[in-house]
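Read the structure below first, then the notes.
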Amino acid sequence: MRFPLLFATRGCRAVYRLHQKQFLSPVPPLWKHRSSAAVSTQLCKDDRSYYITTPIFYVNASPHLGHLYSAVLADCLHRYKLLQGFNSKFATGTDEHGLKIQQAAEAAGKDPLTFCTGVSKQFRHLFSSCNISYTDYIRTTEQRHREAVEHFWSVLWNKGLIYKGSYEGWYSTQDESFLMPSQVGDALDSLGKEIKVSLESGHKVEWMKEENYMFRLSAFQSQLLDWLKGNPQAVQPERFHQAVLKWLHEDLPDLSVSRQRSRLQWGIPVPGDDEQTIYVWLDALVNYLTVAGYPDKHNQWWHVARHVIGKDILKFHAIYWPAFLLGAGLPLPKVIHVHSHWTVGGKKMSKSLGNVVDPLERSQMFTADGMRYFLLRQGVPDSDCDYTDDKVAKLLNAELADSLGGLLNRCTAPALNPAQVYPSFCPQSFPRAHGGRAVREDYHMLDAVKKLPAVVEKHYETMHIYKALEAVSACVRLTNGFVQRHTPWKLDRKNSEDERWIDTIIHISLECLRIYGTLLQPIVPETSNKLLSRLGVQPHERSWAALNFLARYQGMDCPFEGRALGSDSGVLFSRLEPHNADKQKPKKTKKSAN
Ligand code: MSP
């Protein structure tokens, strides 16, 4: 049997690169010759759609920090693409079927749907509290999803890819996963009883033997290998790509895709066989298609689908899902962005260890932007990260309150900026060739800020958000150094030459802040909005296309020059007390005069 490969690259690619030519001091060629915005916006019409998903979350328990992390990463990519002018769809939601949920509902003494509705609302509440700007929230108990799953099943069935068989082997209800003997080990439970566990997740496994439907996964082994080899960017970062390749070189047995209804009632019945329930992972994965409009209207979105997932669910997304899609004759996801996990005290979060971090509580303690910034700045996709409240407070104080907030505060303080405007840039004070008051480090600073959008873009594209934030943070430090070096508060506004230089320093600093505020919108939307509003930057001036830094230095007009600052002069981000961070709410700090 042959299956068509449907992951050929598209002919028309987006051209949306920031120019990355050198910005050399003191006379950068780029600035000499360019006469329009620094961003090229020639997008191919076809490529303006973008579709990003989070995993759908199990509703057996309340949301924890790891769940928020998956959602914040996807939200960041969605917001970034919107800034670039893409038509972006962003799906999240809840995974409500399966044995694990059935058992959790039983334990709570509730009927499954009422139970699921309650926990699903908690996820929704968390997401709205943290500004997760999804465009669709899917629940697998919805009718539209049931229709999509039934259709998808029928397509696989009609192609002869599902057959009636029997499965005998290990099953982990916590992971809703079938395991090979080599993936199982011995352990003791809390009462000291010997049990079998999944070596990967540590969750208990049970032996099961039942009649059910099998999917011909083995038939797809070589196509999956071809796909991964032909698309080195399909699974990112690289180490996860390699992990999938390794699995594919091992045995790939057929996969059980249903459970006996007598064991699992809480799920979608197999079409045409009421004695069997569809395997929860097949059910859940189809959510991505449901949101795209499957089975009738999914084309626009489906060929640009990207999934953000945690490393624990890689096998389901990079092996089972592509195999199902190949079987159904559908394109494969463009990219699977994988992230690592948050640990607490070096250990996996778990109820029994009592180390589960409640993301809602933390977002109230540190603000939504604070948690978003911390997770994205500190979280590294390649490796696990350990969470402590102290780290959050220290990072936010250093980078958002002191460095960014302090810079804004200095440049907008009435003592230094009495007219409360975006002041004029004086080309004689800061000439493209040496001769004014600028020094070598100042030219380096301009160079770094000029290049920053391209650097950030590169890292946002590969979901290395922490690298983008590292770069922004380094530039904020450079701008603070620039102001500190020239101590404008020591100059005399009554002297006209001094005045022009003070205004030039402030103009440049505000231009830097405008770039930082624009680039940070996907990360800290509320703080960026506050910052840009204070600078007087209008909503239509906040897109990626508006990232033209320091137009006046290039001999062009600057639309902001002379404009009144926004009236909200409040603290950009309030400092937190590091040692008591877990006890207190953000504290307002006094503004300094410079
Ligand atoms: N329901 C499945 C996904 C189905 S998608 C078709 C599932 N749900 S989950 O609630 O267990 O996990 C959802 C996401 O949270 C996954 O991306 C998972 O990796 C992530 N996290 C769970 N614990 C985590 C940490 N401790 N740290 C970071 N993310 C982690 O799997």
Could you tell me if [Y] and [X] have a donor-acceptor pair between their side chains, going purely by distance under 3.5 Å?
{"X": "S49", "Y": "N87", "value": "no"}
{"X": "E211", "Y": "Y167", "value": "no"}
{"X": "Y163", "Y": "D254", "value": "yes"}
{"X": "S201", "Y": "D175", "value": "yes"}

Pairwise distance [atom1]([X]) to [atom2]([Y]) - rounded to 0.5 angstrom:
{"X": "T53", "Y": "L289", "atom1": "OG1", "atom2": "CG", "result": "10.5 Å"}
{"X": "L65", "Y": "S363", "atom1": "CG", "atom2": "OG", "result": "10.0 Å"}
{"X": "S62", "Y": "H67", "atom1": "OG", "atom2": "NE2", "result": "10.0 Å"}
{"X": "R124", "Y": "T117", "atom1": "CZ", "atom2": "OG1", "result": "10.0 Å"}
{"X": "N60", "Y": "T173", "atom1": "CG", "atom2": "OG1", "result": "11.0 Å"}
{"X": "F123", "Y": "Y58", "atom1": "CZ", "atom2": "OH", "result": "11.5 Å"}

Please name all residues satisfying side chain to side chain donor-acceptor pair (under 3.5 Å) with [X], sequence neighbours left out, ordered by chain then number.
{"X": "Q378", "answer": "none"}
{"X": "W321", "answer": "H307"}
{"X": "T462", "answer": "H464"}

**Request:** Could you list the residues that satisfy salt bridge (charged side-chain N to carboxylate O under 4.0 Å, His left out) with D384, not counting sequence neighbours?
**Result:**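 Salt bridge (charged side-chain N to carboxylate O under 4.0 Å, His left out) check on D384 returns K311.
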**Request:** Report the residues that fulfil salt bridge (charged side-chain N to carboxylate O under 4.0 Å, His left out) with R139, sequence neighbours left out, ordered by chain and then residue number.
**Result:**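 For R139, the residues satisfying salt bridge (charged side-chain N to carboxylate O under 4.0 Å, His left out) (neighbours in sequence not counted) are E96.
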**Request:** In plain terms, say whether D312 and K348 are close enough for a salt bridge, that is, a side-chain N and a carboxylate O under 4.0 Å apart.
**Result:**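 Salt bridge flag = no for K348 with D312.
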**Asked** Any idea how Y69 and H339 line up, ring-wise: parallel (<30°), tilted (30 to 60°), or perpendicular (>60°)?
**Response**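 The arrangement is perpendicular - the two ring planes meet at more than 60°.
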**Request:** Assign the ring pair F316 / Y320 to parallel, tilted or perpendicular, where the plane angle (0 to 90°) is split at 30° and 60°.
**Result:**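 Geometry flag for Y320 against F316: perpendicular rings.
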Please check this pair: side chain of [X] against backbone of [Y], looking for a donor-acceptor N/O pair closer than 3.5 Å.
{"X": "D111", "Y": "L113", "answer": "yes"}
{"X": "Q221", "Y": "L248", "answer": "yes"}
{"X": "R259", "Y": "V280", "answer": "no"}
{"X": "T92", "Y": "Y137", "answer": "no"}
{"X": "E176", "Y": "W281", "answer": "no"}
{"X": "K110", "Y": "A105", "answer": "no"}
{"X": "D75", "Y": "A71", "answer": "no"}
{"X": "R144", "Y": "T290", "answer": "no"}
{"X": "E461", "Y": "K458", "answer": "no"}
{"X": "Q223", "Y": "F220", "answer": "no"}

Report yes if the side chains of [X] and [Y] come closer than 4.5 Å at any heavy-atom pair, otherwise no.
{"X": "L332", "Y": "W227", "result": "yes"}
{"X": "D369", "Y": "P525", "result": "yes"}
{"X": "L179", "Y": "S172", "result": "yes"}
{"X": "F90", "Y": "I132", "result": "yes"}
{"X": "L126", "Y": "Q122", "result": "no"}
{"X": "T94", "Y": "I56", "result": "no"}
{"X": "I523", "Y": "R377", "result": "no"}
{"X": "V72", "Y": "F374", "result": "no"}

**Item:** ring pair (Phe, Tyr, Trp, His ring centres under 6.0 Å) contacts in which one or both residues fall within residues 229-267, not counting sequence neighbours
**Value:**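 Matches after skipping sequence neighbours: H97-W266.
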Output all residues satisfying side-chain contact (heavy atoms from CB on, under 4.5 Å) with [X], sequence neighbours left out; order by chain, then residue number.
{"X": "P522", "result": "C76, R79, Y80, L83, Y460"}
{"X": "A292", "result": "Y51, H298, W301, W302"}
{"X": "A328", "result": "F152, V155, L156, L330"}
{"X": "L82", "result": "H78, S88"}

**Message:** If you compare all heavy atoms of S258 against all heavy atoms of V270, which two are closest, and at what distance to 0.1 Å?
**Reply:**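 Between these two residues, the closest heavy atoms are CB-CG2, 3.9 Å.
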**Message:** Quick check on E194: does its CD atom have over 12 non-hydrogen neighbours (other residues, nucleotides or ligands) under 6.0 Å away?
**Reply:**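 Check fails, neighbour count at 12 or below.
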**Message:** I'd like to know whether NZ of K315 has more than 12 heavy-atom contacts from other residues, nucleotides or ligands below 6.0 angstrom.
**Reply:**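 Above 12, so yes.
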Give every donor-acceptor pair under 3.5 Å between a side-chain atom in residues 232-239 and any protein atom, sequence neighbours left out.
| residue | atom | partner | partner atom | Å |
| --- | --- | --- | --- | --- |
| Q236 | NE2 | Q233 | O | 3.1 |
| E238 | OE2 | Q242 | NE2 | 2.5 |
| R239 | NH1 | D382 | O | 2.1 |

**Prompt:** Can R362 be said to sit on top of Y387's aromatic six-ring, NZ or CZ under 6.0 Å from centre and within 45° of the ring axis?
**Reply:**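 R362 over Y387 ring: no.
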**Request:** Step by step, work out the side chain to side chain donor-acceptor pair (under 3.5 Å) result for R261 and T277.
**Result:** CA-CA 5 Å; R261 194 117 193 121; T277 304; 2.6 Å; yes
**Request:** Apply the test side chain to side chain contact (heavy atoms under 4.5 Å, CB included) to residues I52 and K81: give CA-CA distance (whole Å), side-chain angles for both, the deciding distance (0.1 Å), then the verdict.
**Result:** CA-CA 10 Å; I52 186 87; K81 281 294 158 185; over 6 Å; no
**Message:** Once salt bridge (Lys or Arg N to Asp or Glu O under 4.0 Å) is applied, what residue pairs with a partner in residues 265-281 remain, sequence neighbours excluded?
**Reply:**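 Of all non-adjacent pairs touching residues 265-281, those that pass salt bridge (Lys or Arg N to Asp or Glu O under 4.0 Å) are K164-D273.
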**Request:** Quick one: do I309 and V338 satisfy side chain to side chain contact (heavy atoms under 4.5 Å, CB included)? Show the steps, please.
**Result:** CA-CA 5 Å; I309 61 160; V338 189; 4.2 Å; yes
**Request:** Answer yes if the ring centres of Y279 and F215 are under 6.0 angstrom apart, and no otherwise.
**Result:**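 Between F215 and Y279, which both carry aromatic rings, the centre distance is not below 6.0 Å.
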**Asked** Looking at the rings of F57 and F127, which for Trp means the six-membered one, are their centres under 6.0 Å apart?
**Response**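 Under 6.0 Å, so yes.
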**Message:** Between D189 and K204, does the side chain to side chain contact (heavy atoms under 4.5 Å, CB included) criterion hold? Intermediate values first, please.
**Reply:** CA-CA 9 Å; D189 71 7; K204 188 175 166 199; over 6 Å; no
**Step-by-step side chain to side chain contact (heavy atoms under 4.5 Å, CB included) determination, V197 to H203** = CA-CA 5 Å; V197 294; H203 291 137; over 6 Å; no
